[in-house]
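Scroll down for the structure; my scribbles are underneath it.
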There are 2 protein chains.
Amino acid sequence: MDKQTVTIYDVAREADVSMATVSRVVNGNPNVKPATRKKVLDVIERLDYRPNAVARGLASKKTTTVGVIIPDVTNVYFSALARGIDDIAMMYKYNIILTNSDENGRKEVQVLNTLMAKQVDGIVFMGNDISDEVRKEFERSKTPIVLAGCVDDQDQMPSVNIDYTAAVEEATKNLIDHGNERVAFVSGSLDYPINRDYRLKGYKQALKKAGVRYDDKLVFETDYSYKAGQLLQPALQSVNATAAVIGDDELAAGVMNGITDAGMSVPDDFEIITSNDTKLTEMVRPKMSSITQPLYDIGAVAMRLLTKLMNNEPVDNKTVLLPYGLMKRASTH
Amino acid sequence: MDKQTVTIYDVAREADVSMATVSRVVNGNPNVKPATRKKVLDVIERLDYRPNAVARGLASKKTTTVGVIIPDVTNVYFSALARGIDDIAMMYKYNIILTNSDENGRKEVQVLNTLMAKQVDGIVFMGNDISDEVRKEFERSKTPIVLAGCVDDQDQMPSVNIDYTAAVEEATKNLIDHGNERVAFVSGSLDYPINRDYRLKGYKQALKKAGVRYDDKLVFETDYSYKAGQLLQPALQSVNATAAVIGDDELAAGVMNGITDAGMSVPDDFEIITSNDTKLTEMVRPKMSSITQPLYDIGAVAMRLLTKLMNNEPVDNKTVLLPYGLMKRASTH
DNA sequence: AATCAAATTGAAAACGTTTTCAATTTGATA
DNA sequence: TATCAAATTGAAAACGTTTTCAATTTGATT
């Protein structure tokens with residue numbers, strides 16, 4: 001305990017007031033006489049007193065930190081959400097404790113517990129799935145939790161998303177309207193509700209409305225990587241697919257480059273609509289058409305929703321659907 | 001204060017031991033009889049006691065959190081560093097408080113102070129520059145700080161980088177060896193030491209060694225954005241540049257697409273070497289040649305260096321240079 | 001059984017701030 | 001001047017854990 005640290009006790013003694021008064025000044029409590037306030041502020045400046053936020057957290061039971069669970073911060077989709085979360089967090093004077101989960105359920109439970117131990121005021125959870133173990137931790141938690149870019153098929157949790165079903169339906173319809181009779185659906189794991197129950201559902205609805213028979217050979221399940229996308233060209237060709245709705249931009253870039261590297265032409269031989277409208281859609285050639293998701297806004301709105309929950313503010317709607325669109329670029333006609 | 005929270009006092013009472021003994025058990029202190037330890041652990045499990053890490057942080061003066069200051073988490077370069085930092089942090093049982101700084105000096109000072117108030121055990125700083133105000137905060141800090149992907153031209157701070165000078169020299173030499181007589185240097189702000197004193201220096205050294213006259217019209221200063229890169233094609237053409245070393249992958253993708261969209265051919269008409277070897281270099285067409293930086297490793301080694309500093313472990317070398325290379329892809333001959 | 005050293009345990013202070021409620025001060029009114 | 005209500009202030013407890021050092025226990029030896 002080196003006495004170079006200035007504590008509230010030092011300030012109180014120098015200002016000849018109690019610690020309670022110093023605390024009131026520091027925290028902007030109005031019940032302090034102006035002259036007293038000035039005296040204390042002068043001492044604070046002279047001693048360069050910096051309040052210890054950990055002590056404050058213990059005493060006040062608010063740490064002004066929020067936990068953010070992210071599958072992988074290097075993923076362009078999730079990093080955009082994280083940016084929205086952090087910007088709004090800082091606006092409301094919170095800091096984020098960021099943890100990569102790798103969509104590993106065991107790791108998710110572990111980091112959830114660590115964050116709870118660190119008494120975070122709230123948690124934003126990103127991921128493709130909510131395992132039973134994770135859901136159990138959610139249920140026992142007194143700390144507010146908001147999902148961002150993650151659906152809760154049991155609809156128990158506050159969440160911010162787009163209407164993935166409608167968005168994929170519209171994208172699929174667009175490809176069908178272009179005359180494509182063999183539209184593929186390229187997706188991450190169909191174990192994930194977001195893919196199986198929301199996005200694939202939109203795909204099927206578009207087919208049905210267009211009177212196109214559903215063929216499960218046109219549904220491809222893979223991981224969300226560029227490499228996996230590149231390897232899909234032969235399989236897509238073998239089922240005579242002429243277009244695809246693809247669930248991730250890096251995956252889509254892989255599919256597209258696999259196709260063009262094989263000598264086929266996009267969009268003439270094969271049309272592509274991807275899903276996240278990250279900056280990657282503009283960088284590849286041809287530029288990729290995409291469902292537009294306001295990624296930054298999903299993060300920002302999730303964090304704002306969380307600040308309301310943390311502060312017991314009234315919340316109209318715990319399930320927020322943000323607008324989506326369809327941005328046509330050069331990967332479609 | 002709702003009594004549903006189980007505290008160390010509850011465990012001590014149930015196990016009929018003192019709080020000190022419970023603390024010893026929880027923290028693995030060997031000075032506990034096996035029978036006592038078992039008794040305590042049984043109670044901990046029965047009551048589902050979860051230690052409060054904030055209280056522990058206050059009492060022990062270690063919070064097991066580290067601050068990470070990042071210019072922009074959506075930037076592919078920095079997010080890869082962040083990934084390395086987090087993985088090693090978790091390995092050593094730390095969590096990262098992540099803050100976006102936008103390379104804004106005022107904001108950097110602000111977040112530094114916030115992190116200090118939150119008693120982080122250490123800080124990893126990423127950015128292109130260390131402003132005087134930031135440096136002053138560094139100097140007064142008793143908390144260890146490590147730079148990652150950020151050079152300290154005053155060489156006061158522990159840091160992890162590659163030899164940017166040698167790397168750019170080699171890339172420039174490569175382009176000169178291809179017969180290019182007009183090699184451009186496309187960079188972020190030359191106010192930043194990393195660009196002015198390290199990378200531009202390498203560029204100049206390569207020219208000098210090749211007996212090529214330095215022409216400042218071939219030096220382009222811009223921001224690190226795809227959009228800025230796209231707009232550079234006319235300027236590059238007007239100085240008859242036939243090749244460029246470019247300081248950021250997104251910027252390089254913009255330059256390259258600007259050139260190919262204008263009808264020129266890469267590498268036949270214009271060769272490009274970029275600097276970060278992110279996955280973007282594989283996604284664009286043609287694939288981009290790049291200086292290879294082990295981004296993940298820069299982050300990982302920085303975090304490891306920080307754990308040593310935090311634990312007062314011996315450190316051989318506070319300035320770590322990791323290996324770089326030159327990956328030739330299709331944007332060069 | 002007595003002695004001694006090592007191991008174990010406990011009481012209470014420490015960590016630095018916030019909160020609570022009683023005590024005191026202040027200002028307005030009659 | 002006395003009274004009263006509102007404002008201000010202070011003392012001490014609270015927050016939940018760790019640490020320190022004295023007290024106690026244990027085990028080995030004579």
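Each chain gets a letter, A, B and so on, in the order the sequences are listed, and its residues count up from 1.
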| query | For S18(B) and dG10(C), is the shortest distance between a side-chain N/O and OP1 or OP2 below 4.0 Å? | reply | yes
| request: State which residues pass side-chain hydrogen bond (donor to acceptor under 3.5 Å, both in side chains) with K308(B); sequence neighbours excluded, sorted by chain then number. | output: none
| task | Inspect the contact between D152(A) and K318(A) and indicate whether a charged nitrogen and a carboxylate oxygen are less than 4.0 angstrom apart. | result | no
| request: Round to the nearest Å and state the distance from R37(B) atom CZ to dA7(C) atom C1'. | output: 13 Å
| query | Taking only side-chain nitrogens and oxygens of K62(A), does any of them come within less than 4.0 Å of OP1 or OP2 of dT18(C)? | reply | no
| query | Between atom CG in N29(B) and atom C1' in dT17(D), what is the gap in whole Å? | reply | 14 Å
| request: Could you check how far CG of L58(B) sits from P of dT17(C), rounded to whole Å? | output: 9 Å
| Do any of residues 40-48 of chain A sit with a heavy atom less than 4.0 Å from DNA chain C, and if so which? | none
| task | Please determine if a side-chain N or O atom of T36(A) lies less than 4.0 Å away from the OP1 or OP2 oxygen of dT8(D). | result | no
| Salt bridge present between D42(B) and K38(B) (N-O < 4.0 angstrom) | yes
| query | What does V32(B) touch in the nucleic acid at a heavy-atom separation under 4.0 angstrom: a base, only the sugar-phosphate, or nothing? | reply | sugar-phosphate
| 5' priority, DNA chain C, between A59(B) and K33(B) [closest heavy atom] | K33(B)
| Any K61(A) side-chain N or O less than 4.0 Å from OP1/OP2 of dG16(D) | yes
| query | Is any side-chain N or O of Y9(A) closer than 4.0 Å to OP1 or OP2 of dA14(C)? | reply | no
| Tell me: CD1 of I8(A) to P of dA11(D), nearest whole Å? | 14 Å
| Residue list, side-chain hydrogen bond (donor to acceptor under 3.5 Å, both in side chains) with D16(B), at least two apart or on another chain | none
| request: Ignoring backbone atoms, test whether N31(B) places a side-chain nitrogen or oxygen under 4.0 Å from the OP1 or OP2 oxygen of dT8(C). | output: yes
| remark: Considering only heavy side-chain atoms of R56(A), the closest of dG16(C), dT18(C), dG16(D) is dT18(C)
| Is there a side-chain polar atom (N or O) of S23(B) under 4.0 Å from OP1 or OP2 of dT18(D)? | yes
| Contact class for V17(B) vs. all strands (heavy atom < 4.0 Å): base, sugar-phosphate, or nothing? | sugar-phosphate
| said: For D102(B), is there an ion pair with R83(A) - N to carboxylate O distance below 4.0 angstrom? | reply: yes
| Residues in side-chain hydrogen bond (donor to acceptor under 3.5 Å, both in side chains) with N95(A), at least two apart? | K118(B)
| query | Where does DNA chain D pair, written as one dot-bracket string 5' to 3', with Watson-Crick or G-U pairs under 3.5 Å, ( ) inside the strand, [ ] for crossing pairs and | for another strand? | reply | ||||||||||||||||||||||||||||||
| Does a side chain donor of either N31(A) or R24(A) reach within less than 3.5 Å of an acceptor in the other side chain? | no
| For dG10(C), does either OP1 or OP2 sit under 4.0 Å from a side-chain N or O belonging to T21(B)? | yes
| message | Under the rule for ring pair (Phe, Tyr, Trp, His ring centres under 6.0 Å), what residues qualify as partners of F138(B), not counting sequence neighbours? | response | F125(B)
| On a plain distance test, is the side chain of R24(B) in donor-acceptor contact with the base of dG10(C) below 3.5 Å? | yes
| task | Examine the side chains of N75(B) and Y224(B) and answer whether a donor and an acceptor come within less than 3.5 Å of each other. | result | no
| message | Does dT18(C) have its OP1 or OP2 closer than 4.0 Å to a side-chain nitrogen or oxygen of N27(A)? | response | yes
| Which part of the nucleic acid, if any, lies within contact of P30(B), taking any heavy atom under 4.0 Å across all strands shown: a base, the sugar-phosphate backbone alone, or nothing? | sugar-phosphate
| How close or far is atom P of dA11(C) from atom CE of M19(B), stated in whole angstroms? | 9 Å
| query | Would you call R106(A) and E133(A) a salt bridge, taking side-chain N to carboxylate O under 4.0 Å as the test? | reply | no
